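A quick note: this is a predicted structure, and the numbers were derived from the prediction, not measured. Every chain is numbered from 1 and lettered A, B, ... according to where its sequence line falls, protein lines coming before strand lines.
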Amino acid sequence: MTDLPIYLDYQATTPLDPRVLAEMMPYLTTKFGNPHSNHSFGWEAAAGVEIARKNVADLIAAAPEDIIFTSGATESNNLAIKGMAYALYPLKNHIITAVTEHTCVLESCAALKKAGFDVTFLPVDKNGLIDLAQLDQAITAKTSLVSIMAVNNEIGVIQDLKSIGKICKRKKVIFHTDAAQAVGKIALDVSAMNIDLLSISGHKIYGPKGVGALYLRPNANIQPLALFDGGGQERGLRSGTIAPALCAGLGAACKIAKQDMDKDNDHVRNLAERMKSAIFDGLDGVHLNGSEKQRYMGNLNLVFEGVTGDALIKELRNIAFSAGSACSTGRAEPSHVLTAIGLDKTQADCCVRIGIGRMTTDQEINYATNHIIDAVKKYAQGFNLISSLRQIFLRPHKLCC
Amino acid sequence: MDHIIISETEHDSILQIRKNFKGRVEILPVNEHGLVMLEDLGNALTHAGKNTLVSIMLANNETGVIQDIKSLARISHEAGALFHTDAIQALGKIPVDFRASGVDLMSLSAHKFGGPQGVGALIAQEKITLEPLTYGGGQEVGRRSGTENLAGIAGFAKAVSLVPQNIQAMKACKKIRDRIEQEIGEYAPEACFYGAAAGRLPNTSTILMPGVSSETQVIAFDLEGLCVSSGSACSSGKVTPSHVVAAMGGGQDQALSTIRVSLGPDTTQQDADAFIFAWKKLYDRKKMS
């Protein structure tokens with residue numbers, strides 16, 4: 001018997017790995033010092049922060065001194081995009097991103113656009129991937145920054161970072177990637193991929209919420225403009241007392257991710273493939289959203305024709321997964337990612353995102369697979385009327401990323 | 001906002017605003033007790049309007065000096081300005097009442113009163129619209145995007161619920177703090193306790209040992225197993241004189257020879273004795289040399 005409810009929303013957040021909690025505990029109890037204090041309590045806390053910094057750096061083949069701790073990927077993305085855009089303004093006033101980016105990247109770009117910057121939002125193909133030639137052409141002499149995410153939070157597709165990095169290097173523009181969904185899942189090497197800035201989140205890799213990091217390639221000439229003023233911590237780029245427990249948690253999560261990446265990926269791939277083939281065998285009218293080949297297997301974003309994601313969520317209360325609606329509260333618009341890969345509103349409403357991770361078990365996948373198949377079958381018969389009524393009267397669930 | 005008025009003894013996170021702020025930043029002096037004078041704020045407010053923000057901290061992080069926030073907020077409002085207070089050091093040590101204080105905005109930090117590091121809060125009157133620093137998923141009513149630090153928030157909330165107990169424990173802190181100052185004051189007449197004549201937080205003392213640098217003092221106390229601070233922790237990476245002591249008329253010499261001692265509910269009389277003993281020892285060594 002499986003313990004209920006079952007968690008299948010690993011893109012929204014992940015459980016804290018007990019090994020991570022163990023590394024955090026000393027900094028929540030005995031080693032409580034302010035890491036910026038100049039005495040033994042402070043040094044002890046600061047030492048923990050520096051070990052963590054090395055662990056984060058190791059996961060992406062960077063140097064520890066190039067890692068800045070932040071409150072999470074949203075802050076990292078804001079700092080990278082707005083900070084760099086303003087640092088190079090007015091010499092350069094153009095930035096490039098993709099339509100399928102995370103809301104915090106899109107909103108940062110929108111804020112820049114409002115402030116007078118030129119922003120190019122590259123489209124994606126039906127697989128969710130950008131066209132490299134189109135990126136190449138979009139870069140002008142006024143372009144400062146290209147921001148393209150590594151792994152998409154909604155559909156799990158992996159952009160070709162190495163080729164994007166190559167283009168950016170050749171055209172001498174800064175390359176930022178939001179790797180919140182990618183670190184620990186795909187191998188990342190900031191030098192080999194020519195990545196100048198890379199955003200990391202703690203709670204997507206079995207670490208704590210409230211911490212993230214930004215990798216910043218050393219460049220004496222260009223420093224991003226800080227988001228806030230203060231004590232000048234983190235090389236002046238991120239003022240505010242660093243939280244040693246959270247940093248230690250992120251560091252431990254990165255260390256474990258590096259150590260266990262192959263094992264984790266094998267585990268996730270096995271479960272995902274089993275679930276996918278069972279669902280595809282058991283049901284008609286199911287499609288996978290996004291590239292089949294270039295994807296992180298722990299993300300199954302599926303269309304069930306004729307059955308809305310909302311209806312499935314309501315039917316399957318013991319299984320936690322997401323519907324394909326917009327991230328922002330209250331907006332009854334279909335997901336910008338699903339629209340971008342060519343789905344219409346009706347199709348987008350019929351999508352669910354199933355996220356599989358390190359802690360997912362065989363039993364959970366069996367239970368979820370059987371119940372999803374049953375529910376879809378039940379609803380697919382004579383569901384259309386109810387579905388349209390629901391669409392009119394009920395607000396869609398939001399997808400958290 | 002195109003006009004910001006702050007005081008000279010604010011925390012670095014407020015003082016550094018002048019670096020990048022596009023409008024006018026006025027910095028008010030403090031008197032020898034560390035207090036902002038109402039007349040000074042009144043004068044600065046002559047040209048104030050609805051685009052003016054006044055930010056004066058409730059209690060100072062180095063000296064513990066408590067400002068008359070209620071009056072400062074009142075005259076700011078009379079001039080049409082908004083008022084923000086950095087109440088980070090005050091919460092958990094003295095009663096803090098957002099509504100009664102009359103301020104529009106108040107900053108809080110969890111790790112200054114028993115909560116975890118990495119979480120804080122901003123209280124804002126409903127009427128105030130804030131331009132967010134980070135954009136994204138629109139969490140916190142669109143004011144602060146990014147997934148919330150849930151464990152941190154829970155820790156913050158629990159620490160808040162323990163505030164009454166903390167304030168109770170401050171009575172003992174005050175006794176210990178006052179005894180430290182009394183004994184050192186009697187032993188070394190030229191020692192100075194900044195802000196002692198003003199209302200102060202019950203747990204904080206900034207002490208001058210003339211002729212002995214803050215760094216030397218911190219190291220000497222550390223060897224005795226006592227962790228104290230030269231100024232605020234945030235700026236400890238750099239050895240700079242305390243801007244707070246300097247602002248109170250201490251001059252560079254004094255600003256370079258002070259340490260901050262702050263006590264918590266767990267501080268014992270024995271800890272205080274050890275500190276007093278170590279202080280006197282260092283002071284004697286200096287006198288002999």
For B/C227 and A/H39, the nearest pair of non-hydrogen atoms, with its separation, is CB-CG, 3.5 Å
Closest non-hydrogen atom pair between B/L133 and A/F228, with its separation | CD1-CD2, 3.6 Å
Taking C-beta and beyond as the side chain, do A/Y86 and B/N20 meet within less than 4.5 Å on heavy atoms?
-> no
Applying a strict 4.5 Å limit to non-hydrogen atoms, the region of B/E148 in contact with chain A is backbone
Under 4.5 Å heavy-atom distance to chain A, tell me which part of B/V228 shows up: side chain, backbone, both or neither.
-> backbone
Between A/D229 and B/I17, which heavy-atom pair has the shortest distance, and what is it?
-> OD2-CA, 3.5 Å
Side chain, backbone, both or neither of A/N78 within contact of chain B (heavy atoms, under 4.5 Å) | side chain
Report yes or no: do A/S71 and B/R144 form a side-chain donor-acceptor pair below 3.5 Å?
-> yes
Please flag which part of A/L246 lies under 4.5 Å from any non-hydrogen atom of chain B: side chain, backbone, both or neither.
-> side chain
Show the numbers, then the answer: is there a side chain to side chain contact (heavy atoms under 4.5 Å, CB included) between A/Y27 and B/Q117?
-> CA-CA 9 Å; A/Y27 300 97; B/Q117 284 150 336; over 6 Å; no
From A/K209 atom NZ to B/L150 atom CG, the distance as rounded to the nearest 0.5 Å | 6.0 Å
Closest approach of A/C104 to B/Y135 (non-hydrogen atoms, all atoms of both residues) | CB-O, 3.2 Å
Would you mind reporting whether A/N34 and B/H111 have side-chain heavy atoms less than 4.5 Å apart?
-> yes
Could you look at A/S40 and say if it's the side chain, the backbone, both or neither that has a heavy atom under 4.5 Å from chain B?
-> both
Measure distances from A/P244 to the heavy atoms of chain B and classify the residue's part below 4.5 Å as side chain, backbone, both or neither.
-> both
